[in-house]
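Okay, so here's the structure we're looking at.
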Amino acid sequence: MSAQPSPCINPQQQQQTEQEKVYQWINELANPDTRETALLELSKKRETDLAPMLWNSFGTACALLQEIVSIYPSIMPPTLTAHQSNRVCNALALLQCVASHPETRTAFLQAQIPLYLYPFLSTTSKARSFEYLRLTSLGVIGALVKTDEQEVITFLLTTEIVPLCLSIMDSGSDLSKTVATFIIQKILLDESGLSYICQTYERFSHVAITLGKMVIHLAKEPDARLLKHVVRCYLRLSDNTRARKALGQCLPDQLRDGTFSLCLQDDKSTKLWLQMLIKNLDIGATQQQADPRQIGMSPLGS
């Protein structure tokens, strides 16, 4: 008779076996010959304790950065292949894990790891390999701002993340636009972020013009999720007195004339935000009208 199958593995033993595999894959990240498979396997694992293991294991952060830096030459001229894109996106998935974890987030920021992703965010190629790269890189930044922590916003405001996101909002795919707009929304919801955007007319106008273009695009190709983030950005801008006066003159008509009524019929929160926005602007309209360049937005650095 053939041997009978062994009894079911004890759940504790199975967990220990899986843990040992994770340790093995982390160790294999240090070896260029085994790194690709390890990246693939670890990117499928999202255990809550994976981030500390990755960050605190010797050489792992360096190995992940090597993966990122190694494809810089493929960005310009744009020669990135699907295989290269998939591999580096697996590394980015692990960095997103580190960015999301409360035990590793501060160290992640202190090491300025997000800056290594900015070259990817500045790419403009429409090829799928580049789009996947941009979207995954945005996911890392999105994971940071999702925490609503002051240190994250403080760090990001010292970098070029705002113009990078605005560029993607202007010309990226709908999915990339959605994540980039979410990042801008989270920055605006922070008091320091709102003050930063509204500090100068140039910053405010860049955001307002980009949002306006998105509204025009959405009027032609509705996307409820993207529209939700756009409306929330406008509403938050209207909390600033000077920005509210300027928005009174530049808010797209499509947000006032019922263009999006059908798109928002099942989205009570966005409909409420839109009503609040119009109310805020109507209140602002009763105040003295002025050139938005003269409404008190101070020059950069003043």
Side-chain angles (χ1 to χ4, degrees), residues 39 43 61 64-82 84-100 105 108-147 149 151-190 193 196-197 202-203 206-207 209-211 213-214 217 223 225-226 229-230 233:
L39 285 170
S43 67
L64 296 178
L65 290 180
Q66 284 177 349
E67 287 295 306
I68 289 172
V69 174
S70 69
I71 66 164
Y72 282 174
S74 299
I75 294 176
M76 188 59 66
T79 59
L80 186 70
T81 66
Q84 288 176 307
S85 180
N86 288 335
R87 176 164 171 163
V88 74
C89 284
N90 287 336
L92 291 172
L94 298 184
L95 288 181
Q96 180 173 335
C97 179
V98 175
S100 303
R105 188 180 306 116
F108 182 82
L109 292 174
Q110 290 175 341
Q112 300 191 339
I113 303 297
L115 298 183
Y116 288 91
L117 280 54
Y118 287 10
F120 302 155
L121 297 179
S122 65
T123 60
T124 57
S125 172
K126 302 294 185 181
R128 182 176 297 181
S129 57
F130 280 90
E131 176 58 26
Y132 185 33
L133 182 61
R134 281 190 296 271
L135 186 58
T136 310
S137 299
L138 284 170
V140 179
I141 309 301
L144 285 171
V145 299
K146 199 172 184 179
T147 64
E149 292 190 355
E151 67 170 344
V152 171
I153 305 301
T154 299
F155 169 82
L156 291 177
L157 291 180
T158 66
T159 73
E160 292 299 304
I161 193 60
V162 171
L164 285 172
C165 283
L166 291 176
S167 178
I168 293 172
M169 289 161 63
D170 191 37
S171 60
S173 69
D174 283 352
L175 194 52
S176 288
K177 285 180 179 181
T178 300
V179 182
T181 309
F182 170 75
I183 293 170
I184 293 296
Q185 172 188 318
K186 283 294 189 178
I187 290 174
L188 283 170
L189 287 173
D190 184 90
Y196 175 88
I197 297 296
E202 288 73 21
R203 288 179 188 164
H206 193 182
V207 174
I209 289 171
T210 301
L211 290 173
K213 289 180 180 179
M214 296 178 75
H217 170 75
D223 182 322
R225 184 169 58 165
L226 179 54
H229 295 311
V230 170
C233 286

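Below, all heavy atoms of this structure are taken into account, side chains as well, without hydrogens, waters or symmetry copies.
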Discussion item. Could you walk me through whether Q112 and F155 satisfy the side chain to side chain contact (heavy atoms under 4.5 Å, CB included) test, starting with their C-alpha distance in whole Å, then the side-chain angles of each, then the deciding distance to 0.1 Å, before giving a yes or no?
Written reply: CA-CA 9 Å; Q112 300 191 339; F155 169 82; 3.9 Å; yes
Discussion item. Determine whether V140 and I113 satisfy the following criterion, side chain to side chain contact (heavy atoms under 4.5 Å, CB included), listing intermediate values before the conclusion.
Written reply: CA-CA 10 Å; V140 179; I113 303 297; over 6 Å; no
Discussion item. Is there a side chain to side chain contact (heavy atoms under 4.5 Å, CB included) between M169 and L166? Walk through the geometry before answering.
Written reply: CA-CA 5 Å; M169 289 161 63; L166 291 176; 3.9 Å; yes
Practice prompt. Step by step, work out the side chain to side chain contact (heavy atoms under 4.5 Å, CB included) result for T210 and I184.
Written response: CA-CA 11 Å; T210 301; I184 293 296; over 6 Å; no
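Atom-to-atom distance recorded for L138:CG and L121:CG is 5.0 Å, nearest 0.5 angstrom. Here CD1 of I141 is found 7.5 Å from OG1 of T159. Values are rounded to the nearest 0.5 Å. Atom CG of residue L135 and atom OG of residue S173 lie 6.5 Å apart, to the nearest 0.5 angstrom. Atoms CG and OH, on L92 and Y132 in that order, are 9.0 Å from each other to the nearest 0.5 Å. Within the model, atoms CG of L156 and CD1 of I183 stand 8.0 Å from one another, a figure rounded to the nearest 0.5 Å. Atom CE of M214 and atom SG of C233 lie 8.0 Å apart (nearest 0.5 Å).
In plain terms, the two heavy atoms of T123 and I75 that are nearest each other are CG2-CG2, 3.3 Å. T79 and F130 make their closest contact through N-CZ, 4.2 Å (heavy atoms, listed as atom of the first residue, atom of the second, distance). Considering every non-hydrogen atom in both Y116 and Y72, the closest pair reads O-OH, 2.7 Å. Nearest heavy-atom pair, I197 versus R203, reported as atom, atom and distance to 0.1 Å: O-CB, 3.3 Å. Taking every heavy atom of both residues into account, V88 and I68 meet most closely at CG2-CA, 3.8 Å.
For S74, the side-chain hydrogen bond (donor to acceptor under 3.5 Å, both in side chains) criterion is met by Q84, not counting sequence neighbours. By the ring-ring contact (aromatic ring centres under 6.0 Å, His included) test, F108 pairs with no residue at all, sequence neighbours left out. A search for side-chain hydrogen bond (donor to acceptor under 3.5 Å, both in side chains) contacts involving T154 returns Q150, not counting sequence neighbours. Under the salt bridge (charged side-chain N to carboxylate O under 4.0 Å, His left out) criterion, D170 pairs with K213, sequence neighbours left out. For E131, the salt bridge (charged side-chain N to carboxylate O under 4.0 Å, His left out) partners two or more places apart in sequence, or in a different chain, are R134. With sequence neighbours left out, the salt bridge (charged side-chain N to carboxylate O under 4.0 Å, His left out) criterion links E151 to no other residue. Not counting sequence neighbours, the partners of E149 by the side-chain hydrogen bond (donor to acceptor under 3.5 Å, both in side chains) test are R105. Considering only residues two or more places apart in sequence or on other chains, F182 meets the ring-ring contact (aromatic ring centres under 6.0 Å, His included) condition with H229. Not a single salt bridge (charged side-chain N to carboxylate O under 4.0 Å, His left out) links K177 to another residue, sequence neighbours left out. Under the rule for a ring-ring contact (aromatic ring centres under 6.0 Å, His included), Y118 has no partner lying at least two apart in sequence or in another chain.
For the pair D190 and Y196, the minimum side-chain heavy-atom distance is 4.5 Å or more.
Remark: side-chain polar atoms of T178 are paired, donor with acceptor, to backbone N or O of D174 under 3.5 angstrom. A side-chain donor-acceptor contact under 3.5 Å links S85 to the backbone of S129.
Applying the side chain to side chain donor-acceptor pair (under 3.5 Å) definition to pairs two or more places apart or across chains, none involves residues 135-147. Under the salt bridge (charged side-chain N to carboxylate O under 4.0 Å, His left out) criterion, no residue pair touches residues 115-128, with sequence neighbours excluded.
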